[in-house]
Amino acid sequence: MSAGPRLLDPALPALDVALDRNAVAPVLAALLGEEGGDGLRVLSADIVKHKRGRRCAIVYSLERRGGPIRLFAKVFGGDRGASVLTTMARVSEAVGGGELRVPRPVGYDPSLRLLVTEFLEGTSLAVALYRGLSDLPAIRMAASIAALHAAQASLPRRWTAQKEVRNTAEWIAGLTGRGGKPGGRALELLGWLERETARLPEAADTVVHRDFYADQVHDCGGATAILDLDDARRGDPAVDVGNFLAHLALRCLQFPETSSSCARARAPFLDAYCGRREGALGDGFERRIRFYEAASLLRLSGVYAARPRWSRSLPQALLHACEQACAALAGS
């Protein structure tokens with residue numbers, strides 16, 4: 001009998017093993033460098049998030065000779081875990097012991113497609129931001145992404161405005177099974193953004209998170225941590241700033257009670273970020289932010305078209321927000 005929860009996902013054939021406390025114990029022991037693993041026991045394997053056919057996030061609680069620890073892990077549907085491990089290792093080394101924390105990688109087991117990292121104990125700063133009691137959460141989030149952008153890490157992959165548009169096209173066209181067929185409104189916006197890529201000012205590459213929004217930033221005992229570096233690349237830092245702003249607009253539409261706090265967060269976030277990165281932003285930074293904000297809003301319209309809870313109203317509202325962002329871009 002499996003010593004853990006059972007979750008069937010044909011695209012993740014090793015998931016049963018990863019969730020079996022007894023079966024996964026020697027794998028974790030090997031990744032931790034615990035010879036033989038005699039003193040290591042997996043007390044629990046808890047599913048945190050499951051994206052069917054793509055990946056499953058797990059938190060392990062372990063008991064070992066050095067004391068209890070927790071680990072964070074992901075089982076991937078493909079072989080990208082090895083490249084994610086390399087990226088995380090380089091970013092973690094570049095960030096070092098400064099003001100920003102990122103999860104340190106532990107190792108990768110190719111047979112299970114299991115990536116294991118340290119578990120950072122903390123609480124999401126998004127909760128405080130959505131309460132809107134002060135500007136401090138937005139300022140801390142800006143400082144955290146500015147620190148990531150300042151990290152000197154050599155990453156193998158690069159993100160461009162053209163890739164951003166192609167990725168957006170996949171989401172709204174359902175080319176990867178992620179959403180419904182797009183209407184003329186979405187295609188018109190996509191075409192406009194595609195043409196806009198040729199007019200964007202050049203930007204110096206930095207490390208970019210590429211999925212940066214408020215929920216990715218945690219307070220860990222007073223330190224600020226950014227989680228989920230799976231999609232980190234080299235690229236224009238405006239991609240993270242624009243994506244963050246697009247998610248503020250998304251939260252306003254999803255949860256109207258957060259509207260005032262999300263609207264309030266925009267200015268202090270931008271001011272704090274620009275203050276941290278002054279002199280390193282390059283030409284047309286505001287224009288580039290608006291481009292990536294618009295592209296993120298259009299992509300999110302495809303994302304939420306595939307989610308039954310939101311599919312009726314949210315995609316159209318996001319398309320309207322994208323139109324407003326495109327209008328601001330055209331006028332800049």
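Positions are given from 1, in the same order as the sequence printed here.
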Seminar exercise, completed: The residue among R54, R210, K74 that forms salt bridge (charged side-chain N to carboxylate O under 4.0 Å, His left out) with D230 is K74
Heavy-atom closest pair, residues [X] and [Y]:
X	Y	value
P237	A204	CD-O, 3.7 Å
C322	L189	SG-CD1, 3.9 Å
P201	R288	O-CD, 3.5 Å
T117	P103	OG1-CB, 4.0 Å
A138	P268	CB-CG, 4.4 Å
F291	L193	CE1-O, 3.5 Å

Within the 4.5 Å heavy-atom criterion, are [X] and [Y] side-chain neighbours or not?
X	Y	value
L85	M88	no
R21	L43	no
V91	L148	yes

Value rounded to 0.5 Å, distance of [atom1] in [X] from [atom2] in [Y]:
X	Y	atom1	atom2	value
S154	R234	OG	CZ	7.5 Å
D240	I226	CG	CD1	8.0 Å
L40	L62	CG	CG	4.5 Å

Exercise. Using the ring of each side chain (for Trp, its six-membered ring), is F255 parallel, tilted or perpendicular to W310, with breaks at 30° and 60°?
Worked result: perpendicular
Under the salt bridge (charged side-chain N to carboxylate O under 4.0 Å, His left out) rule, what pairs show up with a residue in [range], not counting sequence neighbours?
range	answer
residues 155-164	R158-D205, E164-R299
residues 254-272	D135-R264, R266-E293
residues 317-332	R185-E323
residues 306-317	none

Hphob cluster co-occupancy, [X] + [Y], side-chain heavy atoms under 4.5 angstrom:
X	Y	result
V106	V102	no
L120	Y60	no
L100	L155	yes
I47	L28	yes

Exercise. Using 4.0 Å as the upper bound for N to carboxylate O, is an ion pair formed by R166 and E170?
Worked result: no
Exercise. Charged N to carboxylate O below 4.0 Å: is that the case for R55 and D9?
Worked result: no
Exercise. Taking F244 as the fixed residue, which of Y213, Y292, F269 is the one that meets the ring pair (Phe, Tyr, Trp, His ring centres under 6.0 Å) rule?
Worked result: F269
Exercise. Can you check side chain to side chain contact (heavy atoms under 4.5 Å, CB included) on L12 and H50, steps first, answer last?
Worked result: CA-CA 11 Å; L12 307 177; H50 176 220; 4.1 Å; yes
For this session: Applying ring pair (Phe, Tyr, Trp, His ring centres under 6.0 Å), name anything that partners F72, two or more places apart in sequence or on another chain.
Result: none
Exercise. Under 6.0 Å from the CZ atom of R131, do we count more than 12 heavy atoms belonging to anything else shown?
Worked result: no
Problem set entry | Flag for S296-N243: side-chain donor and acceptor within less than 3.5 Å | yes
Exercise. Going by distance alone, is a donor N or O of one side chain under 3.5 Å from an acceptor N or O of the other, for T224 and R140?
Worked result: yes
For this session: Evaluate the criterion side chain to side chain contact (heavy atoms under 4.5 Å, CB included) for residue pair D215 and R251; output intermediate values, then yes/no.
Result: CA-CA 11 Å; D215 297 75; R251 293 294 178 257; 3.5 Å; yes
For this session: Apply side chain to side chain contact (heavy atoms under 4.5 Å, CB included) to the pair T86 and R90, showing each step before the final yes or no.
Result: CA-CA 6 Å; T86 299; R90 292 180 181 180; 3.6 Å; yes
Problem set entry | Check against salt bridge (charged side-chain N to carboxylate O under 4.0 Å, His left out), E196 and R290 | CA-CA 11 Å; E196 190 63 25; R290 286 175 171 167; over 6 Å; no
Exercise. Got a sec, which pairs hit side-chain hydrogen bond (donor to acceptor under 3.5 Å, both in side chains) with one end in residues 99-109, sequence neighbours left out?
Worked result: E99-R276, R104-E118, D109-S111
For this session: Begin with the C-alpha distance, continue with both residues' side-chain angles, and end with the deciding distance and a verdict on side chain to side chain contact (heavy atoms under 4.5 Å, CB included) for I69 and L32.
Result: CA-CA 11 Å; I69 62 166; L32 288 166; 4.2 Å; yes
